[in-house]
Amino acid sequence: MKKVSIIIPAYNEEDSLNLLYERLKKLMDNNSNYEFEILFINDGSKDKTLEIIKELRKKDKRICYVDFSRNFGKEVAMIAGLDYATGDCAIFMDADLQDPPELVPELLKYWEEGYDDVYARRTSRKGETFLKKFTSKMYYKVLQKLTNVEIQKDTGDFRLLDKRCINALRKMRETQRCSKSMFSWIGYKKKEVPFVRDPRIAGQTKWNYKKLIDLAIDGITSFTTSPLRISTYISIPTFLALIIYFIYVVIKSFVINMPIQAYQAIILLVLFFSGIQILLFGIVGEYLGRIFNETKNRPLYLVNEYNGERENNDIK
Ligand code: UDP
Ligand code: MG
């Protein structure tokens, strides 16, 4: 029997856990051809979240939990979930029932068909403000422009990952994490499943605009070093302006025989030295970017399939 791990990061979710368990229990009962493991990551909750999870585990041994020593954030909770998951596949789900457990059978269906990364794409987002939807849309646009890897739009963390995606993600140990970009980066066979995202069932959202902006910046800076290149690009118009203005001054003084004026010399000097400075920044940035990428220590490649004599435990 195949085992499915459902990973649920939870931070101050005491109000939703019992409802969540009921819906999950229904799911597990209706899909008895799978073995289930529900792995809660208690991310330093300050309310009764842990106690409720412990209660649930007394009732139902399929419930497991990892209790963090403090709040580390959802991204870290997710990788911890992957580290501790024992299933043949893992499904991320929010504790607030915004990701309906009823969609899981469909995710499993595509997994059985051979897809490695089945992600739920929200077709509408109930109970979220216009501003949040708009900023999230813009963010995807910018992120996509800056990177070469394709990013899935309107996709949260609600997805099913095959064992080999889990193994791949376990190898990515960087501290500034942006799961969204990692899911794209690892590749493998992906499948999209549309769903309607419900409003949060109870409690408060843990996100505020500061956290979202932090996440956005982390996302961009962890995914790409192209902002470092801004400097190099700015130096180009600076040097162009320098050359054009230089030609203009030279023609004026030698062809038309007007004497060079002090302010013209100053403009030339300013353009020259600021151009050089910006360019040097750009060069430093290039090296910094390379150091940054090396220190992430990602695997160089991930293999989809191998046919040969060598034993390799990483492949399925
Ligand atoms: N979460 C977490 N650690 C945090 C913040 C959030 O584990 O520091 C969990 C939270 O319990 C929930 C999920 O991440 O299960 C999504 O959080 P939330 O619903 O607040 O985000 P939103 O759905 O509003 O984007
Ligand atoms: Mg939520």
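Order of appearance sets the numbers: ligands from 1, and atoms from 1 within every ligand.
- Ionic pairing of D117 and R164 is not present here: no N-O contact between side-chain nitrogen and carboxylate oxygen is shorter than 4.0 angstrom.
- Applying the salt bridge (Lys or Arg N to Asp or Glu O under 4.0 Å) rule to pairs touching residues 42-57 yields E55-K58, sequence neighbours excluded.
- Annotation: cation-pi pair K191/Y110 present, NZ/CZ under 6.0 Å from the ring centroid and within 45° of its normal.
- Counting only residues at least two apart or in different chains, salt bridge (Lys or Arg N to Asp or Glu O under 4.0 Å) contacts with residues 272-299 comprise E174-R298, R229-E286, E286-R290.
- No path of Ile, Leu, Val, Met, Phe, Trp and Tyr side chains, each step under 4.5 Å between heavy atoms, connects I234 with F239, placing them in separate hydrophobic clusters.
- Note: F158 and F195 meet the aromatic proximity criterion, with ring centroids under 6.0 Å apart.
- Shown are the protein N/O/S atoms under 2.8 Å from the Mg ion (ligand 2), given by residue and atom: D96 OD2, Q98 OE1.
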Steps toward side-chain contact (heavy atoms from CB on, under 4.5 Å) verdict (V193, Y119) = CA-CA 6 Å; V193 177; Y119 59 94; over 6 Å; no
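- Sorted by chain then number, the residues whose non-hydrogen atoms approach ligand 1 to under 4.0 Å are P9, A10, Y11, E13, D43, N71, G73, K74, D94, A95, D96, Q98, K132, R197, R200, T205, K206, W207, K211.
- Ring planes of Y34 and F36: perpendicular class, angle over 60° (limits at 30 and 60°).
- Atom-to-atom distance recorded for I6:CD1 and R62:CZ is 10.0 Å, nearest 0.5 angstrom.
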